[in-house]
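Per chain, numbering begins at 1; letters A, B, ... match sequence-line order.
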Amino acid sequence: MKYWLIKSEPEAYSWDDLENEIIGRWDGVRNYQARNNLKTMQKGDLCLFYHSVTGKEIVGIAEVVNEYYADTTAEKGDWVCIDVKTYQKLQKPVTLSQIKSEEKLNQMALLKQSRLSVSPITKDEFDCIISMGQ
DNA sequence: GCCAACGTTGGC
DNA sequence: GCCAACGTTGGC
């Protein structure tokens, strides 16, 4: 089981949108590093769902329900998407400033590579954020 | 709204 | 293959 952080501007696609859709398709990724991460994701992996720009906070946990397949929104090139569903909403969102002020989390790609939309995180980082969100 | 960081494109 | 120009993302 691996852990990930996925992010989206809530104006484009929010946690509530995923909740309404039940199963959401995570497509539109056009970055090779993020794509390679998508290809590594396995069914049952858990993803922290981060709202960028508006909110700047982790709002919940999503679960991978289908592994990667061709992204039909791509007109050319080898791009992929996955399917996710909501797993558990955090009782309290964990904000970017909280993450920045927690020493255990200062290696996260969210801080070092703010533009990477799909990034791996460690179990320790995952557990730390979950406990901060309770 | 500004700007830094990063990725992509295209001229040479 | 290098690098300047440009576009996008996302924090502030």
Is the A:F49-A:W4 ring centre distance short of 6.0 angstrom?
no
Going 5' to 3' through nucleotides 3-10 of chain C and flagging B where a protein heavy-atom sits under 4.0 Å of the base, S where only the sugar-phosphate is that close, and - otherwise, we get ----BBBS
Can you confirm whether [X] sits close enough to [Y] that some side-chain heavy atom of one is under 4.5 Å from a side-chain heavy atom of the other?
X: A:E67; Y: A:Q42; answer: yes
X: A:M108; Y: A:E125; answer: yes
X: A:Y13; Y: A:E21; answer: yes

One pair to check against side chain to side chain contact (heavy atoms under 4.5 Å, CB included): A:I58 and A:L5. What are the steps and the verdict?
CA-CA 9 Å; A:I58 293 168; A:L5 184 142; 3.9 Å; yes
For A:Y69, does the OH atom have more than 12 heavy-atom neighbours from other residues, nucleotides or ligands under 6.0 Å away?
yes
Tell me whether the count of non-hydrogen atoms from other residues, nucleotides or ligands lying under 6.0 Å of OH in A:Y3 goes above 12.
yes
Value in whole Å for how far the P atom of C:dC12 lies from CD of A:E57
13 Å
Which pairs, with at least one residue in residues 27-45 of chain A and sequence neighbours excluded, count as a salt bridge (charged side-chain N to carboxylate O under 4.0 Å, His left out)?
A:R30-A:D71, A:R35-A:D78, A:K39-A:D78
Using a cut-off of strictly less than 4.0 Å between a heavy atom of the residue and any atom of DNA chain C, enumerate the qualifying residues of residues 99-112 of chain A by number.
A:K100
